[in-house]
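One structure is given here, and the rest of the page talks about it.
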2 protein chains.
Amino acid sequence: MEKKNPDLCKVDNTLHILIGKWKPLIIMHLMFGGTKRFSDLQRALTGITTKTLTTQLRELEEQEIILRVVYPVVPPRVEYSITEYGMTLQPVLHLMHEWGNAHLERQLNKDQSTFNNNQ
Amino acid sequence: MEKKNPDLCKVDNTLHILIGKWKPLIIMHLMFGGTKRFSDLQRALTGITTKTLTTQLRELEEQEIILRVVYPVVPPRVEYSITEYGMTLQPVLHLMHEWGNAHLERQLNKDQSTFNNNQ
DNA sequence: CCTATAAGTATCTTTTAAGATACTTTATAT
DNA sequence: ATATAAAGTATCTTAAAAGATACTTATAGG
């Protein structure tokens with residue numbers, strides 16, 4: 001780890017891509033579910049507003065994690081897909097998923113033992 | 001990936017621990033630099049306020065990522081260290097560091113070629 | 001001519017994180 | 001008696017992210 005310049009904590013570069021209430025979910029959907037239309041995503045992400053979905057998609061597009069393709073028809077048809085570059089996040093997300101899962105179980109166990117101790 | 005219940009995106013569990021402007025840095029410092037006092041950390045994290053440092057440390061402590069030990073002396077002495085559990089984040093942070101580094105270089109190359117194209 | 005449709009915009013409000021600044025505590029050394 | 005030190009609290013302000021709600025656009029189909 002760089003001791004001299006702590007700004008060189010590159011973890012933040014990755015976090016920057018992933019931070020956003022719905023971004024991991026969006027990425028996972030496109031990564032494992034393939035190309036999706038705007039309305040498909042909105043249906044999949046229960047509770048998201050159109051404004052928020054638009055923002056998150058545009059940011060991911062700007063980072064070249066996803067691709068946005070507009071078909072010039074009426075009513076509009078817009079398709080989102082993961083890019084090749086976006087796919088490079090897969091091992092990272094996988095490990096985060098694993099750790100997050102273990103973390104969740106750990107917390108459930110903790111609650112469990114608290115519960116037992118209170119008996 | 002769970003298709004039925006998208007709330008089961010466990011990546012968010014990991015993100016939840018890591019989100020916080022200074023948290024990755026704090027974790028890295030304790031993980032690789034060993035036990036540190038409050039003032040050591042404040043010196044290391046240039047620009048952080050006491051209030052923010054306190055908040056971030058307390059949150060990490062609550063998640064059992066770090067340990068806070070108070071020595072009952074005056075003036076106070078408080079030491080922070082990474083827990084064994086906190087150490088389990090190391091592979092995750094390592095991968096995020098790697099990806100983030102590659103991402104940074106990619107962006108630098110992009111800027112470079114934009115620069116060249118404008119000649 | 002009216003309506004429905006998909007993918008958004010435009011505003012406004014709420015929530016949360018972080019920063020700025022001043023204050024507190026208490027045994028010890030002067 | 002007073003000043004000092006370390007590790008904080010207490011308030012207030014600012015900024016950024018997300019939510020609620022209403023509106024827009026352009027054409028094909030009835």
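Note on naming: letters A, B, ... go to the chains in the order of the sequence lines (proteins, then strands), and numbering restarts at 1 for each one.
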Test item: A:Leu57 and A:Phe38 side chains (from C-beta on) under 4.5 Å apart, heavy atoms: yes
Quick one: B:Ile26 CD1 to C:dA18 C1', roughly how many Å, whole number? 13 Å
Quick check: does any side chain N or O of B:Ser81 sit under 3.5 Å from a backbone N or O of B:Thr35, one acting as donor and the other as acceptor? no
Counting any heavy atom closer than 4.0 Å, what does B:Gly20 reach on the DNA or RNA strands: base, sugar-phosphate only, or nothing? sugar-phosphate
What's the CD1-C1' distance between A:Ile19 and D:dA18, to the nearest Å? 14 Å
Taking any heavy-atom pair under 4.0 Å as a contact, classify A:Glu59: base, sugar-phosphate, or nothing. nothing
State the CG-CG distance between B:Leu89 and B:Leu18, to the nearest 0.5 angstrom. 6.0 Å
Summarise protein proximity over nucleotides 1-14 of chain C in one line of letters, 5' to 3': B for base, S for sugar-phosphate only, - for none, counting protein heavy atoms closer than 4.0 Å. ----BBSBBBB---
Give a yes/no answer on whether the side chain of B:Gln42 brings an N or O atom under 4.0 Å of OP1 or OP2 in D:dA6. no
B:Lys21 NZ to D:dA17 C1', straight-line distance once rounded to whole Å: 15 Å
Gap between atoms CG and P, on B:Leu45 and D:dA7 respectively (whole Å): 14 Å
Rounded to the nearest angstrom, tell me the gap between atom CZ in B:Arg43 and atom C1' in D:dA6. 11 Å
Show me, pair by pair, the donor-acceptor contacts under 3.5 angstrom made by side chains of residues 19-27 of chain B, not counting sequence neighbours?
residue: B:Lys23; atom: NZ; partner: B:Ile19; partner atom: O; Å: 3.4
residue: B:Lys23; atom: NZ; partner: B:Glu59; partner atom: OE1; Å: 2.5

OH of B:Tyr71 versus C1' of C:dA27: gap in Å, rounded? 19 Å
To the nearest Å, how far apart are B:Ile48 CD1 and C:dA20 P? 11 Å
Donor-acceptor pairs are to be reported for all side-chain atoms of residues 101-108 of chain A against protein atoms at under 3.5 Å, with residues two or more places apart or in another chain.
residue: A:Asn101; atom: OD1; partner: B:Lys10; partner atom: NZ; Å: 3.3
residue: A:His103; atom: ND1; partner: B:Tyr85; partner atom: OH; Å: 2.5
residue: A:Arg106; atom: NH2; partner: B:Glu64; partner atom: OE1; Å: 2.9

Would you say that B:Leu30 contacts B:Leu41 through its side chain, given a criterion of any heavy-atom pair below 4.5 Å between the two side chains? yes
